[in-house]
There are 2 protein chains.
Amino acid sequence: MIPEELLESHNALQKKYAKGDTIFHEGDLPVNYFQIISGDVKMSNFNDDGKEFIQGIFHPKQSFGEPPLFLNRVYPANAIAVSDCELFVLPKSSFLNLVKENASVSLSIIENLAQRLHYKSVMAAEISSQEPEHRLLKLFDYSITFFKIEKEADGYRIDLTRQQMADLTGLRVETVIRTIKGLEKKNEIKIINRKVYR
Amino acid sequence: MIPEELLESHNALQKKYAKGDTIFHEGDLPVNYFQIISGDVKMSNFNDDGKEFIQGIFHPKQSFGEPPLFLNRVYPANAIAVSDCELFVLPKSSFLNLVKENASVSLSIIENLAQRLHYKSVMAAEISSQEPEHRLLKLFDYSITFFKIEKEADGYRIDLTRQQMADLTGLRVETVIRTIKGLEKKNEIKIINRKVYR
DNA sequence: TACATTTCATGATTTAAATCATGTTGTCAA
DNA sequence: TTGACAACATGATTTAAATCATGAAATGTA
């Protein structure tokens, strides 16, 4: 998102996290800007009975958790390393300066936020009311365009576990499993070696 | 959002819409920036069987429908006048120039997008999994802080119809009615003259 | 290799919200 | 003031997803 050179010239640190590490907690006040160098990060909530809802999964070159930085609010969700990963970490004040001084950075922040808002709008409409089949297909299609997933011989491989699909759509694993089998029968997707192709 | 003077000096028009008018349709390519002078506007989707999902309701001084302007994408939802209203209408190119040239405008756009992303995150987590009671309470509480609703003697008056509450949370009217009665019994809210107070 | 853990899978049962039906109350305009 | 329409209300019934239970397959690791 923000070019490496700029980050480095503004005192950004590089920090490593192990799979499963929490980068920040829901309810924390933000003190840093984060941008992924390698690995994947998810932002998610846990409700009262422990069920997880994944707000989004982020990949190298993407940033996450900026909105509260601009609003002086606490984080609405946890950030957790999905795999071992390395991040740029830039203190809040340096980040805000960087944004103010640099028109191209603030434009790219706008585009990034607009993109994520778009994703949320699309998914919100699906999740709120639609049947499991709709939710999952929308998730697959959106993941494909959003994350630029590679096309293979059998279609785009969706690199999500059944549990992640459930947590991204608000369904239960069993429902996901049954639904994607139904989708396979309708030829909407292929399942090869337990992986979903669209 | 954007100061009146700036809008006027950039060729913004003022346009009137009657209650129920569609300002733009889902699937349209955006050609204008919109900012409300008076009245309320909702953005919403209709699913296959006609059920509406309200993405958000917007009030005077707020803008809506910007994300696709920055992304060169089509609108993900319809914009409909909830009441008679008057809007500033600024052509896309003038708007993008205004944002590029004016650091304070682009900052306020960022804050606005961050704010809405925050709302979507909070609601997504609720809607995805939680019971009707949670969904509605979150909606009420968020509406109160987000829309700066006036506090009256009996609490904050939630100015939404049962149907709107349903369409904002993805529930059915009947479920909303039954749930808010339950919430009243638990003293979470008051219902006076059919209006909900929190 | 063996063992533990995660992921996937499937059947039986429960349950809460959707749906259907119908009626009441409130509001606005002719 | 009446009549039409929107909003609110409530009971009965259906239904689809959650839940519970249990096991197999795959994956990682000591």
Side-chain angles (χ1 to χ4, degrees), chain A residues 18-20 40 42 47-54 57 80-84 126-137 139 157-185 189-197, chain B residues 18-20 42 47-54 57 80-84 126-137 139 157-186 189-197:
Chain A
K19 177 177 175 175
D40 301 319
K42 71 179 172 187
N47 71 14
D48 306 335
D49 36 74
K51 188 173 188 305
E52 184 174 13
F53 177 74
I54 300 181
I57 299 182
I80 300 169
V82 174
S83 58
D84 289 348
E126 289 307 311
I127 286 182
S128 82
S129 53
Q130 299 285 7
E131 319 84 72
E133 293 200 351
H134 274 80
R135 296 200 206 183
L136 285 165
L137 283 180
L139 173 68
R157 194 179 75 243
I158 311 293
D159 254 325
L160 296 168
T161 66
R162 308 285 190 271
Q163 186 62 59
Q164 287 176 329
M165 293 175 197
D167 295 341
L168 280 159
T169 53
L171 298 168
R172 310 249 81 137
V173 211
E174 297 94 327
T175 307
V176 168
I177 290 169
R178 285 164 182 143
T179 305
I180 61 179
K181 294 223 163 139
L183 287 172
E184 193 191 18
K185 250 180 213 138
I189 58 169
K190 285 184 199 170
I191 301 178
I192 301 167
N193 240 329
R194 295 179 153 200
K195 281 282 166 202
V196 173
Y197 292 82
Chain B
K19 177 179 176 174
K42 71 179 171 186
N47 71 15
D48 306 336
D49 36 75
K51 187 173 187 303
E52 184 173 13
F53 177 75
I54 300 180
I57 298 181
I80 299 168
V82 174
S83 58
D84 290 347
E126 289 308 311
I127 286 183
S128 82
S129 52
Q130 298 284 10
E131 320 83 72
E133 292 200 351
H134 273 80
R135 295 199 206 184
L136 285 165
L137 283 180
L139 174 67
R157 192 179 75 244
I158 311 294
D159 253 324
L160 296 168
T161 65
R162 308 284 190 269
Q163 187 62 58
Q164 287 176 328
M165 293 176 196
D167 294 341
L168 280 159
T169 53
L171 298 169
R172 310 248 80 137
V173 212
E174 297 94 327
T175 307
V176 167
I177 290 170
R178 285 164 183 143
T179 306
I180 61 179
K181 295 220 164 142
L183 286 171
E184 193 190 18
K185 249 180 216 139
K186 293 185 185 170
I189 58 170
K190 286 184 199 171
I191 301 178
I192 301 167
N193 240 329
R194 295 178 154 200
K195 281 280 167 203
V196 173
Y197 293 81

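So you know, we letter chains A, B, ... as the sequences are listed, proteins then strands, and number each from 1.
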Problem set entry | Atom pair distance, as rounded to whole Å: CD in A:Glu131 and C1' in D:dA16 | 11 Å

Seminar exercise, completed: Whole-Å distance, A:Met165 CE to C:dT6 P, equals 19 Å

Problem set entry | Nearest-angstrom distance from the residue atom CD of A:Glu133 to C1' of D:dA17 | 13 Å

Exercise. Which residue, A:Thr175, A:Thr169, A:Ile189, A:Leu168, forms the side chain to side chain contact (heavy atoms under 4.5 Å, CB included) with A:Leu136?
Worked result: A:Thr169

For this session: Flag yes if more than 12 heavy atoms outside B:Lys19 fall under 6.0 Å of its NZ atom; otherwise flag no.
Result: no

Problem set entry | Sidechain N-carboxylate O distance under 4.0 Å for A:Asp159, A:Arg157 | yes

Problem set entry | Protein-to-nucleotide contact annotation, 5' to 3' order, nucleotides 6-15 of chain D [B base; S sugar-phosphate only; - none; under 4.0 Å, heavy atom] | --SBBBB---

For this session: Could I get the full list of side chain to side chain contact (heavy atoms under 4.5 Å, CB included) partners for B:Glu174, not counting sequence neighbours?
Result: B:Arg172, B:Arg178

Problem set entry | Contact check, side chains of B:Gln164 and B:Ile57, non-hydrogen atoms, under 4.5 Å | yes

Exercise. Between A:Arg135 (CZ) and D:dA16 (P), how many Å, whole number?
Worked result: 14 Å

Exercise. Can you tell me how far P of D:dA18 sits from CG of A:Asp167, to the nearest Å?
Worked result: 12 Å

Problem set entry | Side chains of B:Ile158 and B:Leu139 in contact at under 4.5 Å (non-hydrogen atoms) | no

